[in-house]
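Protein chains get the first letters and strands the later ones, always in sequence-line order, with residue 1 at the start of each. No experiment lies behind these values; they were computed from the predicted model shown.
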Amino acid sequence: MRYSGWQVLKQGLTGNKGWQPAWRDPDPKPQYDVLIIGGGGHGLATAFYLAKEHGITNVAVLERGYLGGGNVGRNTTIVRANYGLPGNSEFYSHSLKLWEGMEQELNYNVMHSQRGIINLFHSDGQRDAYARRGNTMINQGDDAILLDNAGCRRLLPYLDYDQTRFPIYGGLYHKRGGTARHDAVAWGYARGADMRGVDLIQQCEVTGIDIENGRVTGVQTSRGPIRAKKVAMAAAGRSGQVAAMAGLRLPVESHILQAFVTEGLKPCIDHVVTYGMGHFYISQSDKGGLVFGGDLDFYASYAARGNLPTAEHVIEAGMTLMPMIGKARLLRSWGGIMDMSSDGSPIIDKAPVEGLYVNAGWCYGGFKAVPGSGFSYAHLIATDRHHAPAARFRLDRFNTGLVMDEEAKGSQHNLH
Amino acid sequence: MVDLIAKTPCADLLPIKVEAVTLSEVTPEAITSIMPYEGKWEVASEALKSAHGITLPGPGRSTGKGDIRAIWTGAGQAMVLGARLDAGLAPHAALSDQSDAWALMRLEGAGGEDVLARLTPIDLNPGVFKRGHVARSLLGHMNAVIARVGAEAFEIMVFRSMAGTAVHELEEAMKSVAARAALR
Amino acid sequence: MRIKCPLCGDRDSREYTYMGHETYLDRPGDEGWSADWDDYLHLRDNPAGVTRDLWYHGAGCTSWLLVERDTVTHDILRVELARDAKRGRG
Amino acid sequence: MRIEGYGRIDRDTPLNFSFDARNFQGFKGDTLASALLANGVRLMGRSFKYHRPRGVLTAGSEEPNALMEIGQGAARTPNVRATMQEVFAGLEAHSQNRMGPLRHDLLSVNDLLPNFLSAGFYYKTFMWPRAFWEQIYEPVIRRAAGLGSLSGQANPDRYETGFAHCDILVIGSGPTGLMAALTAAEGGADVILAEESAHFGGRLISEAEELDGQPGPDWVAEMLEALHETGRVRLMNRTTVTGAYDGGTYGALERVGLHLPMTPDLPQECFWRIHARQAVLAAGALERPIAFPMNDRPGIMMASAIRSYLHHHGVAAGRKVTLFATNDDAHRTALDLMAAGVEVAGVMDSRTDAQAQGDYPLFAGAQVISTRGRQALREITIRQGGSEQRIETDCLGVSGGWNPTLHLTCHMNGRPVWNEDIAAFVPTEGAVPGLTPAGACNGVYSTSRCLSAGVAAAGAALQAMGAKAPEMEIPEASDSPGKARALWLVEGKGRAWLDFANDVTSKDIKLAAQENFRSVEHMKRYTTQGMAPDQGKNSNIGALALLADATGRAIPETGTTTYRPPFAPVSLAAIGAGGQGKAFAPQRFTTSHEASVARGAPMIEAGLWYRPSYVPRPGEATWREACDREVTMVRTHVGVCDVSTLGKIDIQGPDAAAFLDFVYANMFSTLKVGRVRYGLMLREDGHVMDDGTTARLGETHYVMTTTTAAAGEVMKHLDFVQQCLRPDLNLRTISVTEQWAQFGVVGPRSRELLNTLLDSPIDNDSFPFMACGEVGVAGVAARLFRISFSGEQAYEIAVPARYGDALYRLLVAQAEALGGGAYGMEALNVLRIEKGFITHSEIHGRITAFDIGMDRMISARKMCIGKPAASRAGLQDPMRERLIGLKPVGAVKQLTAGAHLFEEGAAPVAANDLGYVTSVGFSPTMGHFIGLGFLSDGPSRIGDRMKMVDHLRGVETLVEICDPVFHDPEGEKLRG
C-alpha cells in the first residue's frame with residue numbers, strides 16, 4: 001500500500017481500518033541466499049538495497065529483539081557529511097546523497113531535516129583545523145561555510161559569547177547536515193525490504209555460525225538452524241560476540257554512549273550545534289525535546305546505560321555553551337552500545353572465512369551511515385567487489401598502517 | 001643590585017569570611033616532595049626521622065612534630081611541609097622542591113564539611129575522615145590534596161595557577177551553605 | 001560507579017580514567033611490526049561479561065590499577081595495583 | 001472551594017499570586033494546583049496534539065496536565081508541575097502550549113480532525129514536494145508541538161551540585177519509609193531519608209487514617225521526633241531521588257529555593273550525588289486511571305488526589321462529586337467528602353458485588369460511558385446493567401487500582417514482573433544491587449503490612465552491612481488491602497485517552513497493533529505513548545494491557561517497556577551547575593599575567609592557561625602591526641616571553657636515563673650533564689605524541705619539558721610506562737610545571753641582557769648552545785637553559801614561581817633598555833615558522849617521524865615506545881603527505897592555514913588533492929607570507945610551483961614549495 005496525503009485522508013474518513021501491516025512476521029525458512037545478522041539500521045538497509053539494487057530477495061534479516069531496537073533507536077539522530085579523511089569523506093558524501101532521496105525511495109517520511117550543522121571552534125588553531133576539513137568537504141562536492149564570531153551571533157544568538165569559558169571564534173557550517181527521525185529510518189527500510197520479499201525475523205537470536213572447510217554454510221538460531229551461502233554480520237555493538245562465533249577477533253571494543261532528551265519545548269534551537277572544547281552536540285526534535293549527547297562513558301560495557309560523571313560533564317558543556325537551556329528539564333537518558341574501532345573508522349569487508357562479511361566499527365557515526373553502509377555492503381555481498389565510496393574500510397588497514405584516524409587520537413579504541 | 005620581590009599564590013585573594021566559615025592562606029616555610037627509590041621506603045623514613053623527627057606517613061595519613069608535617073600525596077610519594085629537607089636523604093629518595101607549586105588554604109569553622117560537600121566526592125564526615133587524614137581527590141574540576149587538621153578545620157592544596165578558581169569555587173559554596181542556614 | 005583503590009580506598013569513578021584491556025600490560029618484545037603487535041594494539045575479545053582492564057587514578061594517587069569487572073552488570077570484582085600485576089606476570 | 005477545618009496549611013499567612021495575569025490568593029502550604037482549585041479554577045493547560053482543555057489529574061510529580069511557566073524574563077521556567085510548585089508571595093504562573101488565551105486556543109482546531117491525526121500519520125505524508133519539509137511542513141509542526149518555552153536568555157539563577165554519603169538511604173517517607181529509617185538508625189546506621197514532597201509522611205498526610213489510635217499526621221510528627229533523637233538521620237525533604245546508578249550511587253534533585261521569593265545566594269535547586277552502601281525504596285504507589293470515552297475533561301481526576309486536596313490543602317475539588325472505581329479504596333473519597341459537607345452524587349463501582357461503606361448512592365456494576373463539558377466537566381453518562389443514565393457532576397474521581405512506583409528498580413535494565421493478585425507490575429528480585437523495594441512500591445497495599453515491610457527491609461539492609469537488625473515495635477494500623485480487579489477499557493462512542501499529555505487514545509493502540517507494531521517498544525515509539533513529561537506514569541500499564549488484548553496475548557507475555565533515569569525531570573542548570581560560565585574548566589594564570597594585562601596585551605586561551613597574543617605599543621592599530629614589530633625586535637635586539645605554561649617533569653633515579661631512552665625516539669642516556677636535547681615522543685601506534693627539550697641537571701636527574709597542550713597526557717603516559725610496562729626501572733617522576741616560572745630571553749642581545757642580572761656573567765664558552773645549569777639572580781637559585789624556538793641566540797631562565805612576576809617585569813624593563821621588549825604568541829608563532837620549527841598544528845596526531853623528516857631520530861640502537869608500529873609499510877610510503885615550507889610567488893600574496901595543495905593546472909577536487917597548509921604567517925624578516933604544510937612526496941617537490949586553494953576563504957595562490965627552514969638554515973645565529 002502506497003503512503004501519501006490522500007491515503008491519510010481516505011483512511012481517516014473510513015476509521016483507519018484499511019492500513020496494512022508495515023511488515024510481515026514470517027517464520028524462518030530453512031534456506032536463504034543471504035542471511036543478515038542484526039535488524040538495526042545497517043542490516044535493514046543492506047537487505048533493502050540487495051533487493052532493490054541487485055534483485056537478491058531470498059534474504060532474511062535475523063533480529064534477536066525487535067526491529068530497530070538497538071543503536072538506531074537510541075542515537076541523537078544527526079545526519080552529516082563533514083568528514084576530513086580520504087575514505088570517510090567519499091563514503092559520507094555518498095551516504096548523504098542517499099539520505100536526500102530516501103523519502104521518495106522508501107515512500108516513508110523519515111523527517112530528514114537539512115537544517116544545517118555548525119561545528120563551533122574556540123581558537124585560531126582549531127579554526128584552521130576545521131578550515132582544512134571544510135575545504136576537504138568542498139573538494140568532495142559537499143557544502144561548507146566558515147562562520148566568524150559575528151556569523152555565529154546571527155545564526156545562533158542564544159550561545160554565551162561573553163561569559164563562556166572558551167570564547168566562540170566561529171563555526172564550520174554544513175547546511176546540508178541536519179537530523180532525521182531515527183525510528184522512521186529503521187521502519188522505512190524494514191517496510192521497503194519486506195515489500196520486496198525479504199523476510200524480517202524478530203525474536204530470533206543467532207547463537208552460532210556454521211563453517212565447513214573454510215566456507216560459511218549457515219547459522220544456528222534460537223528458532224532453529226538456517227542454511228545460507230552468504231552470511232553478513234551487522235550487529236554493531238555486539239559485533240565482537242557474533243564474530244567470535246566464526247572464530248574471529250575484531251579491532252573493536254564496545255562502549256556506552258549516553259544520549260539525553262528534555263521535555264518538549266517550543267522551537268528554540270533550529271540547527272545542530274556541536275561544541276569544540278568538550279564533546280557536546282545538540283538539536284531539537286520536531287516534538288520539541290532537546291536531544292543531545294557527548295562523550296562515551298569511556299569504559300568497555302554492554303550495559304546500554306551509563307553513569308553520572310559523564311552525564312554531568314556533557315550537560316556542563318551544554319551549560320557553558322548555551323546557558324539558556326538551563327531551565328529545560330532532562331526527561332530521559334539512555335545508552336547505546338558503540339562498536340568503537342581502533343582508528344575510529346568503520347569496517348565493510350569480507351571476513352577471512354569464505355561467504356562471511358563484516359560490517360562493524362561505526363563508533364558514534366552509525367546513524368548517518370545507514371543508507372551508505374546498506375548500499376555499499378549490499379554491493380560487496382552481491383558482487384564480492386568493494387563499492388568505491390567504501391573501498392578503504394578494510395580489515396587489514398591496521399597491519400598496513402593505512403589507518404583512518406579521523407579524530408587523530410591513536411589506536412586506543414575509546415578515544416575516537 | 002637587583003632585588004626580586006616574592007608573591008604568595010593567594011596574595012590578593014584571601015582571607016575571606018562568610019558567616020561562621022573563614023578561608024585563609026597558609027604559607028609553609030617550604031614544601032618538598034620525597035619519593036623513596038625501589039625498596040627504600042623504610043630507610044628513607046628512618047633518615048627523615050633522624051633528620052627532622054617525623055617518619056614517612058602511610059597512605060591517606062600525615063605525621064607531624066612542631067611545625068614540620070609530612071602528608072601522603074600519592075603512590076610512593078609524600079610531601080614534607082615546614083622545613084628545608086636535609087641533603088642526607090638524597091641517596092634514598094627523589095627530592096623535589098614543590099614550595100612554589102602549591103596554593104595552600106585553610107578552611108575553618110562549623111559547616112566546613114558542608115562547604116566541601118559541594119566540591120569534593122569523598123566522605124569528610126568526622127567519623128570517617130579524622131584529624132590527620134589526608135586524601136588526594138577532586139575540588140570541583142581540579143586535583144587537590146585535602147587534609148583534616150582540626151575538628152572544624154581543613155587544609156586544601158591546589159596547583160598555584162588555579163588558586164583563583166579554587167578560591168572562587170570555595171567562596172560560592174560558603175555563600176550557598178550560609179544562605180541555606182539562614183532559612184532554618 | 002565506584003572503584004576501591006588499593007591505596008586510597010573506595011572512590012567515585014569520576015576520579016579515574018580508563019585506558020583499555022589488560023592486554024596493554026603485555027607489550028610484545030619484537031622490534032618490528034608483527035601479528036603480536038596487531039593483537040596488542042587493535043584486536044580485542046571484547047567480552048560481554050567478566051573482563052580485566054586498566055584504569056588510572058588520575059585525581060587520586062596516580063596509580064594504574066588492574067580492575068576485574070563485568071561489562072554487562074558493571075560489578076567490580078577485584079582491583080589490584082597494575083605494578084604488582086605486571087611484576088606477577090614475570 | 002476551601003473547606004473550613006481541613007488542610008495542613010497556614011491560614012494566617014495568605015499569599016497573593018497570579019495565573020495568566022489574574023490575581024488569586026492562597027495560603028502558605030498550598031501548591032499552585034490546590035490554590036487554583038480553591039479559587040474554582042479548573043482549566044490549567046492544553047494537550048500536546050489536539051490542544052484539548054486540560055485540568056489537574058493528580059496531586060504529585062506524576063502530573064501530566066497542569067504544566068505551567070513560572071516566573072518572568074530570563075528566570076522563566078517552562079513545564080513546571082502545578083502540583084509541585086508551592087505558592088509564595090508574588091508567584092507568577094502562566095499556562096503554556098496555546099495560541100491565544102487558554103480558554104480559546106486556536107490550535108484546538110486539531111481536535112476537529114482526530115481521524116486524520118491518528119498515531120504515526122506523519123510517517124505517511126509530508127513527503128511531497130521534497131523541499132516543503134524544511135520550508136513549510138516542519139516549521140508548522142514544530143510551532144504546534146512542544147509544551148512550555150524557554151526564555152532564550154542566559155540562566156540568571158544560582159544552582160549547585162553536592163555529594164552526600166550514608167550507610168542506608170531510605171527513598172520515600174510514608175509508613176514504610178519512616179519505619180525503615182527508624183529501624184536503620186536504631187541498628188546503628190547513618191541514614192538519609194529523602195522525601196519528594198515538602199512534607200514527610202507520604203499518603204498519611206492525605207488520608208483520614210489512624211496509627212496507634214492517633215491521626216496519621218500526628219504519628220508522622222512523633223516519628224520525625226524519634227528519628228531526630230537517634231542523631232543519625234539526615235532528613236531531606238523536597239528531594240526527589242531521580243536515578244539509581246552503579247555502586248550504590250543515586251542521583252537526587254533537591255528543590256531549595258523554588259518555594260520562596262528570590263533570595264540572594266540561595267540556590268534554586270541542588271543536584272545531589274548520594275553514595276549509600278544500602279538503600280530501601282519506599283516510594284509508594286500511583287493510582288491508575290481508567291480509559292473510558294471522553295475521560296480527559298478538566299474536573300476528572302484521581303480519587304486519591306481528591307482526598308489529598310481535601311486533607312492536605314483543605315480544598316474540595318468540586319461541589320457535586322461522583323466516583324468511578326474498581327476497588328473499595330476509592331470509596332474513602334466519598335466518605336471523606338461527605339464528612340466535610342461536600343455532596344457526593346454517586347459512586348460507580350465496576351464490580352457487580354461492590355458494597356457501599358457509607359450512605360452515598362452506589363451504582364454497583366456500573367461504568368462511565370461518556371462525559372460532557374467543553375472547558376470543565378458538567379455531566380457524565382453511566383451504564384448499569386442494560387440502562388444508561390446521566391448524572392450532573394463537576395468533579396469525577398477515578399480509580400482503576402494502583403501501580404507500584406518501582407521505576408528506580410528498572411534503572412539497570414531490570415523489567416518488572418506481573419502480579420496477578422494485585423493486577424499490577426512489581427519489581428523483579430535484585431534488579432538493582434543494594435536496593436530493597438518495600439511497601440506499596442513492592443505491591444504491599446495495606447498500611448500495617450507496609451509498616452512491617454519497612455522494618456524488614458531496613459533489617460535486611462543492616463544485615464547486608466554486617467550490622468544487627470534491632471527489634472522494632474510495629475504500630476497498630478489498618479489492614480484493608482481489598483481485592484483489586486483490573487478494568488482497562490470501557491467501550492463506547494468517543495475517544496478514550498491513555499496518555500493525556502501526548503493525546504494517545506485506545507484507537508491509536510489498536511492501530512499500532514493493526515500495522516504490526518506489536519512489540520510494546522514499537523507501540524510506544526509509534527504512538528508516542530509514554531514519551532510525555534510524565535514518562536508513562538499514568539498510561540504505560542493501561543496501554544500495554546490494550547496492546548495485549550489487540551494482539552491476543554496475555555499481559556506478562558506482552559511485557560512492559562522499562563523506565564530510565566531520571567524518575568522525575570531534572571533541570572539542566574542543576575545537573576550541569578558545575579559548568580556554567582567560567583566554571584566549566586579551571587583557569588590557570590601565569591605569574592606574569594597581571595604584568596601582561598597591564599601592558600594591554602589581549603590574553604588568549606592556551607589549554608587551560610592564558611597567554612598574551614601580542615603586546616601593543618601606542619599607535620599600533622592592528623595585531624599585525626604589533627606582531628611584525630615584535631618579530632623584528634627579536635631578530636635585531638632582544639625579546640622576553642613567558643614560557644611557564646609548558647609542562648615540566650622532574651625525573652630522578654638510577655634508571656632515569658634508561659627510562660628516557662625507552663619513552664623518547666632518540667637517545668638520552670648519551671646526553672652529558674649540563675646539556676639539553678630536543679626529544680621526539682611517539683605514541684605506541686608509531687605516530688608522534690609530543691616533542692620538547694629535556695635537560696640533564698645531574699647524573700640521575702633530568703627535567704623534561706612538554707608542550708602546553710600535551711602536559712597532562714605525557715604525565716599520565718610516563719606513569720603508565722613506569723607502572724605497567726617497566727616496573728623494573730628504578731626512577732621517580734613528579735610535575736614541577738608550577739614550581740618554576742620560566743621566561744624566554746631571545747635575540748642577539750639576549751646574553752647581554754642576562755649578564756645585567758646574573759650574579760656571575762656568562763659567555764659563549766661557559767654557556768654554549770644547548771647548555772643548562774644552576775645560576776644565581778639577585779641571590780635567588782635559578783636555572784638557565786640555552787635553547788631556541790626562534791633560531792636566534794636564546795635562553796630560558798627559570799626561578800621559583802614566587803619570583804615570577806618580579807623577574808618578568810625586570811627582564812622586560814632591561815629588554816626595553818636594550819631596544820627590545822615583551823612579545824606574544826603571534827610573534828612567537830611567526831619566529832618559529834621562519835625557522836621551520838613544528839607545533840601541534842603540524843604534529844596533529846596523524847603524523848609520524850617520517851612525515852616530518854625525523855625518522856632518523858628513531859634510534860636504531862634501542863627499543864622505544866612506538867618504534868615497531870612506526871615501521872609499518874604504509875607509514876614509510878614516500879607518497880605520504882610530508883612536511884614542506886611554501887611561499888607565494890604569483891600575484892596573490894596571501895597564504896591561509898587549512899588550504900589544500902594541487903598541481904598548478906589541476907581542478908581543486910578531492911581526486912587531485914595532494915596536501916594541505918598547517919601554519920602561515922607574514923614574515924617581516926623575509927618580507928612575504930611564509931607557511932608550513934604537508935605535501936605528497938613533499939621533500940622531492942622542493943622548488944616546484946603548485947596551487948594553494950582555500951574554498952572557504954576564497955583564496956587561490958600560486959606557491960613555491962621550499963625547505964621548511966626559511967631563516968638562517970646554517971644556524972650561525974644560534975651558536976653566536
Side-chain angles (χ1 to χ4, degrees), chain A residues 3 5 8 12 16 19 21-23 66 69 103 108-109 113-114 125 128 131-132 134-135 138-140 146 158 160 163 165-166 183-184 263-268 286-288 307-308 312 315-316 318-320 323-334 400-402 405 408-411, chain D residues 77 79 115-116 118 121 123-127 138 141-142 145-147 149-150 152-155 245-246 251 273 511 515-516 519 521-522 525 533 564-565 569-573 575-576 578-582 584-585 605 683 685 841 844-846 872 874-875 897-898 900 909-910 913 916 951-952:
Chain A
Y3 288 162
V8 170
N16 290 307
W19 294 113
W23 48 74
Y66 58 92
E103 269 129 16
Y108 204 87
N109 180 15
S113 164
Q114 294 186 283
D128 295 340
R132 177 188 161 197
N135 281 316
I138 295 173
N139 292 341
Q140 189 57 58
L146 200 62
Y158 48 82
D160 179 354
Q163 280 307 315
R165 176 66 178 79
F166 298 104
D183 290 323
E263 294 170 329
L265 299 160
K266 290 300 176 195
C268 56
D286 290 340
K287 290 210 311 296
N307 275 296
L308 278 177
E312 289 165 39
I315 295 171
E316 282 176 6
M319 282 307 295
T320 195
M324 70 111 177
I325 62 173
K327 299 284 189 186
R329 279 199 194 75
L330 176 66
L331 178 64
R332 188 173 178 83
S333 62
W334 63 93
T400 63
L402 297 173
D405 186 356
K409 287 280 177 44
S411 60
Chain D
T77 307
N79 303 331
N115 275 351
F116 308 117
S118 57
F121 79 95
Y123 297 128
K124 300 164 179 161
T125 178
F126 303 133
M127 289 182 275
E138 188 176 49
I141 290 173
R142 289 188 66 199
L147 294 167
S149 57
L150 292 174
Q153 301 165 51
N155 164 47
Y245 299 92
D246 290 312
R273 285 70 52 96
L511 181 59
E515 296 191 77
N516 203 14
S519 141
E521 294 282 351
H522 276 160
R525 292 152 185 256
R564 298 204 184 282
V570 177
S571 359
L572 298 185
I575 199 170
Q580 189 158 338
K582 297 275 190 282
F584 179 63
E605 285 72 16
R683 291 189 310 239
D685 74 336
S841 298
H844 49 62
R846 278 193 293 270
R872 285 176 287 181
L875 300 181
H900 287 236
V909 290
D913 191 335
Y916 54 95
H951 300 289
L952 293 171

So which residue, [options], ends up with the most heavy-atom pairs under 4.5 Å with chain D?
| options | value |
| --- | --- |
| A/Gly288, A/Gly318, A/Ala131 | A/Ala131 |
| A/Val8, A/Leu146, A/Leu331 | A/Leu331 |
| A/Asp160, A/Leu402, A/Thr400 | A/Thr400 |
| A/Pro267, A/Gly125, A/Gly5 | A/Pro267 |
| A/Ala408, A/Ser411, A/Ala22 | A/Ala408 |
| A/Phe166, A/Trp334, A/Trp23 | A/Trp23 |

* Asked: Does D/Tyr916 have A/Arg132 sitting over its ring (NZ/CZ under 6.0 Å from centre, angle to axis within 45°)?
  ->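 Judged by the rule, A/Arg132 and D/Tyr916 form a cation-pi pair.
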Checking heavy atoms, do the side chain of [X], its backbone, both or neither come under 4.5 Å from chain A?
| X | answer |
| --- | --- |
| D/Ser519 | side chain |
| D/Gln153 | backbone |
| D/Leu511 | side chain |
| D/Asp913 | side chain |
| D/Arg683 | side chain |

According to the interplanar angle, ranging from 0 to 90°, do the rings of [X] and [Y] count as parallel (below 30°), tilted (30 to 60°) or perpendicular (above 60°)?
| X | Y | answer |
| --- | --- | --- |
| A/Tyr3 | A/Trp19 | perpendicular |
| D/Phe126 | D/Phe121 | perpendicular |
| A/Tyr108 | D/Tyr123 | parallel |

* Contact part of A/Asp183 toward chain D, heavy-atom cut-off under 4.5 Å: side chain, backbone, both or neither? ->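 Only the side chain of A/Asp183 comes within 4.5 Å of chain D.
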* To do: Could you tell me which portion of A/Lys409 (side chain, backbone, both or neither) has an atom closer than 4.5 angstrom to a non-hydrogen atom of chain D?
  =>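 For A/Lys409, backbone heavy atoms alone lie under 4.5 Å from chain D.
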Please check: side-chain N/O of [X] versus main-chain N/O of [Y], any donor-acceptor pairing under 3.5 Å?
| X | Y | answer |
| --- | --- | --- |
| A/Asp286 | D/Ile141 | no |
| A/Arg165 | D/Ala585 | yes |
| A/Thr320 | D/Gly581 | yes |
| A/Arg329 | D/Asn79 | yes |

* **Salt bridge D/Glu515-D/Lys124, side-chain N to carboxylate O under 4.0 Å** =>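 Counted as a salt bridge, because a side-chain N and a carboxylate O are separated by less than 4.0 Å.
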